[in-house]
Student: 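Quick one: the structure is below, questions incoming.
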Amino acid sequence: MAAKIAGNLEGGNVSIIVQQLQGAYERGQLKNALYQYWAQQVPKIFFTSAEVAISTQRTHDAVQAEEKLSRDVLFEPLEWFLCGGNPAAVFQQLQSLNNPPQLCGKVFKVGEPTYSCRDCCADPTCVFCIECFNKSTHKTHRYRMSTSGGGGYCDCGDVEAWKQDPWCDIHKQGLGQQSQNPIEKLPKDVAARAWEVLKIALQYAVDILLWEQMDGLPQDLEPSVQQNTYVTMLFNDEIHTYEQVINALTRAISCQQKEAVEFATVVDREGRSSVRYGNRKSCDQARSIIQRSTSLRSKPLKVEVMHTSVCAHQAFAQKVLNWLGQVVNHSDGLRHILCTTALQQPPTGDLCVVERLMLADTALWKIARVQCHQIMMGSLLMDQESKKQFSVLYTRNYPQVQMDFMADDHDHGVSIISLSVQIFTVPTLARYLIMEHDLLAIVIRTFLEQCASCRHGRYLLDREKLQKNFRRLQFPLLDLKYVLSMVPDQWNDQLKRKFMNGFKIMAELLTSMQGMDSVTRQVGQHIEMEPEWESAFNLQIKLAPAVAMMAGWCATDKMVLIDAFRIAVKALLEISQLDTVKKCKRRVCDQEAIVVDYTVSREPVSIHLPICRLLAGLYLQLGKYGLTFNSPELYGPLQPPIAMDLLEQPLKTLVMIAQVHAEMWKRNGYSLFHQVYYYHNVRCRSEMQDKDIIMLQVACAQMDPNQFLIALLNKFELMNWIEGDFDDFIRLFFYGRRRDVTEKGSSATDDLLRFTNSLVEEFLNFLIIIIGERYVPGIGQVSSEDMVKREVIHQLCISPMAHSDLSKALPENHKHETGMEAVIADVSTFKKPGVTGMGRYELKPEFYKDYNPFFYHYTRADQSKAKEAQLKRKKQEGESTACPPPEMPALSKEFSGLVNVLECDVFVHTIRTVFRRVNSSRSRSWTEAMVHRALHLVGMALNEEKRLYQTSPYIRFNFVKKATEGGSNSLYSALHDLLGKPRIQNHADLLTWAIDRFDEVKALKEQKQVMSDAQKAKKVSSKSKTDAERKKKAEAARKRREKILAQMSDMQKSFIRDNLELFEATGTELSSSPSMEVEGSPMVAPSQYPVAVGPDRSPATHVTLTTSTCILCQEDQEVSVGNKCVVLAAYVQRSTALSKSRGRVLEDPDKYDPLLVSPDLYHGVHTSTCGHVMHADCWQRFYEAIVAKEQRRALRFRHILSYEVDRGEFLCPLCETLSNTVIPILPPSTTIQPDSVSVDISLSFSDWLDGLKKTVEASQRAMMKEEEDKMESSDDLPVLSPCPLPSITKNMAEMAAQGFQQLFEYMTETGAQAPYSDSVKEMMKLFSRATYTNMLHDPPLPTKFGLGLDPNDDDDRVPITAWGTCAYTIRTLEWLLRDQGKPLFGSLSSRQADCITALVRVVTVSGSLSDPQTISKSALRLLSALLPQEPMKNVPCILDVDMFFTLVFLHVTFPSLYCDENTAAGGTIRGLALNDKHLLHLITATHLVQILLAANFSSADAPMDTEETAEGSAWVKLFMAVRKEAGLQTAVIPSGWQLQTYVRESVLPFLRCSALFFHCHTGVQSSAELQESGVSEFEPLCQYLALPPDLSSLLQQNSDVGNGYSVPHTIHSKWCQYPGIKESLASGPASLVKYPIAVNKLVPLPQDYSDVINKGSVFTCPRSDGDDSRAPTMCLVCGQMLCSQSYCCQTDLDGEPVGACTAHIYTCGAGVGIFLRVRECQILLLTGKTKGCFYPSPYLDDYGEHDQGLRRGNPLYLCQERYKKLQKLWLSHSIPEEVVHFMEANASFATIEWQHL
Ligand SMILES: [Zn+2]
Ligand SMILES: [Zn+2]
Ligand SMILES: [Zn+2]
Ligand SMILES: [Zn+2]
Ligand SMILES: [Zn+2]
Ligand SMILES: [Zn+2]
Ligand SMILES: [Zn+2]
């Protein structure tokens, strides 16, 4: 064995150590031996030198070295010893002994995706990992997805976690294995050694981690050689901010900011970091400075000075824990041994290891804690028996652990109490702990004792503790929810007893809350200080689910229910006795009642009544067991309560709220207002408002209805109102006061009247609720589904709603379920979303009849919105506008007494009183709202009478009789009197409905004997009804027509108005800018193909931008070069969107050559405009005003603007689009420079070409001669200067010379006066400068506007960049159109069309506005690239030049080719159509050769079986020839057809760009084919550009197809043999631009969002050594994942620290970026360093909604349309514009520090 070890290991000393260990083991001295070994080795490996000790300097290598050493020296020998052989082999063997795992147990990292099944989970904390989930049936269920916050593990295989299918396919295999003690399966010797080794290792790790002495080790670990080195250890807390820590560090250890940031990052991540290494003194010093500088406002940072050997052992101890975790992962048997060891109480009587760790949790630092928790999860919690023992220990120590947590300052996630969820959510375990260890009582008491003090046997809540510490305090309440989440299916005596133990304490807790935060109405003065109210509500919100669940438990057993009910009643009675109750008598219309005398408006009232609500919850369950309010068994020895006792408390609260609504409590401030809001809010109402209503319904059902109503009226303080004539009372009140102060008196009277009227409204509303709200199982005969259905119906009556909005409006149970899914399809139809917005549910029409305008969960806003929506709908459908009370469900037996209210004397009297007051003309004591409610109540009574009569005729209920009693004094006649009253016109329809219903019910009751009459009457009434209906409908139709007409005329008016006030309008539709001439020229006759190039050009028919209206002064301005200049607001930005070499950056701006543009377009400038036109001078004044304003602002304080004035930015004064320059608008160049299509010059292509070739040759010769003359100045690049025209023509044939001369002669005509106005010239210059600075400087240099020279003006490159942006923008538009599959012509938006038209015109004339000689030199250099003669340094080969840019540049410069010093700048230089035509042919031919050279056919592209065409074979010939010339091997010869297709496709983008360019230049309308999508455009394009359709002819000699256009072979050879071609081709296809050039897209995204999350979770921070990134963010342009929003990945940009995203956009996107934030599931748009916005992600759930922040967790899938929209946003360069619009609209986002993302 020993030999084998030695053979397998390097160094060999491992085998010696193993032998020593074996020896020690046999002597029973293993522990000593190991400790000795560790004492020697550990300090040598860890914390060995300053370099390693200071964690920031722990380079990757140092950490690796430490890791390797500890592995080799410390763990290897241990494993060899443990295994008794090669660990790898032995562990594998042990693994095979394991039962196939039935549990997954994968521990989650932060950010890993987790899945829960909403259909099958036992509670919402049960989750699957992604592997298990993908292999489970739940994939097809309603699942919920989220990202783990770290901690927790996969519950796959836990039968208690899932209602069905607890196993995925992998873990199902573990089923059916008989369970044998896993230790018995282990080989005996391994087991024996494992007992020892694991015990020693665990003991060691725990001892060392908990070691408290900082300057020395335990005796048995003291090394023989003592070193005296120390470190200053800085610990994490959650009080100090990053900045504070960094500041303290820079002061204490005088390190760089960067270093301090890294220390702080480590401290934050790991919980501690050594920040200084040295002797004791220097370390002490550092400690005291840090503490001093952080103790100013809070307790100082924790800092310790530690001996390095202690640190070393602690570092090793952490590794030992991890090692143990790995070891037990191999084998169930080893795991079991470790667990047993950990749980074993030592014979000394000390605590076992687990308990020690539990109690010392808060003493450990962050990462050590996490490691301890992980080993617990990986061992104890994975082993069923150990888990049980662990949970017993946990329960026993629960109060202490919770107390430690309260005193701790770390997050919940890194505390041992976060393990609660792993234990308490297991139902059998929870039940076992309740029964055997009184868990319920322990948890509740732990909570109670931490926030309350006990006095005289009653707990008093400690407000201060609640308020300050609730965040920590709340966890026992959460645990309570876990413990209670599964209702037991069986009870036994012990469980009952222990449950009641818990219930009693809960009752004590609730008792201590009862009456909390009571308020007294403030009169006279406003309260001085808003009382604190949040803590009581926090408590309520966290407690409510537990209370509801306890009630749920009680409901499953009669005896438990009775016991609980008794406890609640007793508690309530005790509370009621605390108040001294005064009673008094009240009378209303001969009915007398004893009521409690308590005036809500004067005495204290509380909104917190948890005991009453507990009782109400229990009460509803009684019916299940046949118990009623009066069942004697309910009370046992207790005195049964009377209904009045139950009524009193909730009634007081409800009356107070009614008074708040009536604005009587205004002086009590916002605090009360908020409380009332939450009381009714969806988060609280089911355990607050709803329970109070139930309690009132309980009382009402028990009491005499008259007495009940009198009690209510009394409490509402409406006795004055109901008794006698209230108006008289008011008058008396008024006169009584009048004698004192008239005005005050009158206002007091007004108040009284107003309050009383409002209170009556509230009172009636209240009755509607008490009698009508029956959709609670137990009250009405309804199911819980009916209840949810009704909620949904009422929400959808407000408006159609998105799924998420709807679920937000419904209360959730503890499983986060609203029950909505079950009913939503029944009551509504789903409308899918478009490209924006969300999917919505619409109510099915048949449910509108269930709409109740007084639905008790409506807020006031909801109520009026719903009413409006319903009225609108009814009017549209021509229906009666009445919304009568909907039919109500039958009441349960226990609550059947509720209806009696509707027929009692007091009720009838009350309603009649309301109607009478309306009828009395003098009365002021009524309101429309009152009438509405009274009518509604009458309707309810009639509905009830009808329903009861039809279903249970034996019930005596006679509202109709009561209402008709008393003849003219009756309610019925009062109702009739209302008819036709204009005062209640709004409710006329409801009144009619009520009277109809009255008659109907009356007839129904009087039945048989009057049947015939009734029928007749009915017929008549129905006939008259139909007549009436018809009339009504006709009327409605007429109204509708009128309305439409009115709307139309309104629209017209507003249209006119809008256009008059154009300046004031903002955000008008951009694409339809009214200031532009509308394009609408007639199409060219289809027979004649339009041609845009050459002497045979078609006439221009399509001329835009001729007259414009200035948006600033509203004056019209004709566009011409001599007039005042008009400009378009524009935005130029540098761009990499078209780059084919992503990541290539502009290396040296000073040497950048903008003339010969690389075809990978890695860098360019894009221009866009909003299309709004201004006078140049109007705009200049506007801009100067902005600058001045900004300067003034800067004096006070800097305000963040969405645009940066010092970068020349401004917002378009009309539409607020971001702009940074202007483009001058010029007339079409053909009108300024008649290029004389008519002049007949005959000069063949070959002669023309020959002349140019000669020019290049001669110029080169001249240059080289000059070179030789002045050898010394070799630094400058040789400059080509064109030679004079005559020197060329003298070598040409006479005819050709003449033509050539003529062609250029026009240019030298300098006599004509420059037609350009100064303002035009100025604006041209301005625009060029803007493109120049944006291209080469970032941030762009401040541009000076107005007059004066710019330093950059001397740079020859300034005009060239302006031409470049024209080409770049056209290229971009071509891509955009191609990407969207739109035709080339007719589909640009008008702002895009305006933009390129303006650009082309500016560019075309700019050749004549610059220095002619410079222009001429540019032309010559371009030509020398096209017609290479001698190789030149600054002229690349044709493969490295973009041909479209070359075309644009030559078009501009070519006419000036032969200019000399005599040609004045600003003169008219005329382009000639023939030149354009020849140029286009030459450039196309060059491009074709480019394409042929770049072709790369692999054998995979097998030739197709297609007929060969002449063109095809010509291409093959050319292909071979060109490649031969270039010296290329050709492995695969493509077929002619294949090659032809390739060439045509490849050249197409160039042709499309050229066509756009010439279209803008000449205004020649395109042919119809080019305005349709899906048509082959190749031939129409050739025709339009005057090119032959067979392009091969351009390269063939003596071709008859090319009409004399062919480039001779000599030029081919020059192209192919030019230096650089070989290098370019040899560097391989990767770096070569591939043709056809494909449109750049955003990176493809996975269909399922969980794949994205997964990708994010495996991503680690590139700077922190494999740590998780907190905000993984994906660049959608290049796909790179970044670690955003974190100090670890900050870098410097121009001396400022920026986050990873901001840094990235400067290399990837030229300062613009689009990202996907993985955890938040949102898009981040960034532009520049300070601007950004969030945008919804393109992932949608099944309801058509996105989910920012993954709050809902529904499965999300990529919506292609929305992603395309983002793609378009990016490609059209609209991100900066979008961001600025967003920032303008959302000022709150201005505070986000985008640069740190
Ligand atoms: Zn799993
Ligand atoms: Zn599984
Ligand atoms: Zn499921
Ligand atoms: Zn103007
Ligand atoms: Zn605008
Ligand atoms: Zn990072
Ligand atoms: Zn990128």
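Whatever order the structure lists them in is the order used to number ligands and atoms, beginning at 1. Only heavy atoms go into these numbers, but all of them, side chains included; no hydrogens, no water, no symmetry mates.
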Student: Report the atom name of the nearest N/O/S atom of His171 relative to the Zn ion (ligand 2).
Tutor: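 Within His171, restricted to N, O or S, the Zn ion (ligand 2) is closest to atom ND1.
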Student: Parallel, tilted or perpendicular: which fits the ring planes of His803 and Tyr841, with parallel below 30° and perpendicular above 60°?
Tutor: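 Tilted, since the angle between the ring planes falls between 30° and 60°.
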Student: Does a salt bridge link Arg142 with Glu817, judged by any charged N lying under 4.0 Å from a carboxylate O?
Tutor: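 Counted as a salt bridge, because a side-chain N and a carboxylate O are separated by less than 4.0 Å.
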Student: State whether Glu1777 and Arg1391 are salt-bridged, where the test is any N-O pair (Lys NZ or Arg NE/NH1/NH2 against Asp/Glu carboxylate O) under 4.0 Å.
Tutor: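 Between Arg1391 and Glu1777 there is a salt bridge, with a charged N closer than 4.0 Å to a carboxylate O.
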Student: For the Zn ion (ligand 3), give me the closest N/O/S atom belonging to His141, just the atom name.
Tutor: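 That would be atom ND1.
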Student: For N/O/S atoms only: which one belongs to His138 and is nearest the Zn ion (ligand 3)?
Tutor: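 Relative to the Zn ion (ligand 3), the closest nitrogen, oxygen or sulfur of His138 carries the name ND1.
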Student: Is the gap between the ring centers of His138 and Phe133 under 6.0 Å?
Tutor: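 When the ring centroids of His138 and Phe133 are compared, they turn out to be at least 6.0 Å apart.
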Student: Closer than 4.0 angstrom, basic N to acidic O: yes or no for Asp332 and Arg335?
Tutor: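 Salt bridge: yes.
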Student: For the aromatic rings, using the six-membered ring if either is Trp, is the centroid distance between Tyr115 and Phe128 under 6.0 Å?
Tutor: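 No - the distance between ring centres of Tyr115 and Phe128 does not fall below the 6.0 Å cut-off.
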Student: Could you grab the angle centred on the Zn ion (ligand 4), going from SG in Cys1178 to SG in Cys1113, to 10°?
Tutor: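 Approximately 110° at the metal, rounded to tens of degrees.
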Student: Is Cys156 close enough that one of its N/O/S atoms sits under 2.8 Å from the Zn ion (ligand 2)?
Tutor: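 A backbone or side-chain N, O or S atom of Cys156 is under 2.8 Å from the Zn ion (ligand 2).
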Student: So, is Cys132 placed with an N/O/S atom under 2.8 Å from the Zn ion (ligand 2), counting both backbone and side chain?
Tutor: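 Cys132 does place an N, O or S atom closer than 2.8 Å to the Zn ion (ligand 2).
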Student: Measuring to the Zn ion (ligand 3), does Cys121 have an N/O/S atom at a distance below 2.8 Å?
Tutor: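 So Cys121 does not bind the Zn ion (ligand 3) by this criterion.
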Student: Only N/O/S atoms count here: what is the atom of His1175 closest to the Zn ion (ligand 4) called?
Tutor: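 For His1175, the N/O/S atom sitting closest to the Zn ion (ligand 4) is ND1.
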